[in-house]
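Only one structure is covered here, and it is reproduced in the block below.
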Amino acid sequence: MSSPRTSTNPVIRTGIQVMAFGVAAAFVLLFAVDPHSVGANASQNFAPTVVAAAGGEQSLDVAAGSAQSVTRDGYTVKDPPAPEPVIVPVAVKAEPSTDSSAGTPAPAGGGCEANVVPTPGPPAPGSLQDIAYQAVMGYGWGEQNYYYLLALWNRESGWNPAAHNASSGAHGIPQALPGEKMGPGWESDPNVQINWGLQYIAGVYGTPCEAWASSENRGWY
């Protein structure tokens, strides 16, 4: 004998179906919402508050008179040492050599300059004396040495290119002995004679002043 089946009320059945659909829809919406959206983020009102810890500032006190030295992590920082003083070399005047093998030095200028000669002024342009004057300036001897040269060759030849000493063979303005050693043109070319005469004075005496001093002391140069 079977028991009779009880039929479910249609209204109740419909309500259960609606409720099941609502629960399913809620689960779908829960996982479909963007977790990075504004609504999904925590409210700024619940953000933690960061407060600076007390004692964050640091300071260093140095006692008066103490060395300024800071030690940290095994390194020591000190003031740089004072620079060493710069030694300036002092010029030492060289003494003249006394070694006889070095040769005899030229006489000091003060000795020959004690001799007084006329100083008539610069020569006439284009004259033989002017040729010699320009050459003396070229040697760097100065105008006073021209006056010594003027007096010297006035004594020797009177500045005559043809002056000839028959007894000795000396010839020309500088009275070269023999005249041939002045080179081509030695007999009459004053330029050849003047150039050779100045070279001879420079090589033997150094300056016309010294050559004049020799002529004063010995009568020749």
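Counting from 1, the numbers follow the sequence of the chain as shown.
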Quick one: do [X] and [Y] end up in the same hydrophobic cluster if we chain Ile, Leu, Val, Met, Phe, Trp and Tyr together by side-chain heavy atoms under 4.5 Å apart?
| X | Y | value |
| --- | --- | --- |
| W159 | L177 | no |
| Y139 | I194 | yes |
| M137 | Y148 | yes |

Please name the pair of heavy atoms, one in [X] and one in [Y], separated by the smallest distance, quoted to 0.1 Å.
| X | Y | value |
| --- | --- | --- |
| N145 | C209 | OD1-N, 3.0 Å |
| S215 | E156 | OG-OE2, 4.4 Å |
| P123 | Y146 | CB-OH, 3.4 Å |
| P174 | M182 | CG-SD, 3.9 Å |
| A151 | V117 | CB-CG1, 3.9 Å |

Report yes if the side chains of [X] and [Y] come closer than 4.5 Å at any heavy-atom pair, otherwise no.
| X | Y | result |
| --- | --- | --- |
| V136 | L149 | yes |
| N165 | Q175 | yes |
| Y205 | S214 | yes |
| L128 | Y133 | no |
| N160 | I173 | no |

Whether Q193 side chain and P161 backbone form a donor-acceptor pair below 3.5 Å: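 Side chain of Q193 to backbone of P161, a donor-acceptor pair under 3.5 Å: yes, one is there.
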Can you tell me which residue pairs pass the ring-ring contact (aromatic ring centres under 6.0 Å, His included) test with a partner in residues 171-195, sequence neighbours excluded?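 Sorted result for residues 171-195: H164-H171, H171-W186.
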Take T207 and I201 through the test side chain to side chain contact (heavy atoms under 4.5 Å, CB included) and record every step on the way to the result. CA-CA 6 Å; T207 64; I201 290 173; 5.8 Å; no
Selection residues 191-209 - residue pairs positive for salt bridge (charged side-chain N to carboxylate O under 4.0 Å, His left out), sequence neighbours left out: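 Listed by first then second residue: nothing to list.
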Under the side chain to side chain donor-acceptor pair (under 3.5 Å) rule, what pairs show up with a residue in residues 116-131, not counting sequence neighbours?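 Checked against side chain to side chain donor-acceptor pair (under 3.5 Å) - neighbours excluded - the pairs reaching residues 116-131 are D130-Q134.
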May I ask you to check whether E210 and Y221 show a side-chain donor-acceptor distance below 3.5 Å?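 Distance-only check fails for E210 and Y221.
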May I ask you to check whether W212 and N115 show a side-chain donor-acceptor distance below 3.5 Å?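 There is no such pair between these side chains.
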Could you grab the distance from atom CH2 of W196 to atom CG of D189, nearest 0.5 Å is fine?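 Answer rounded to 0.5 Å: 14.5 Å.
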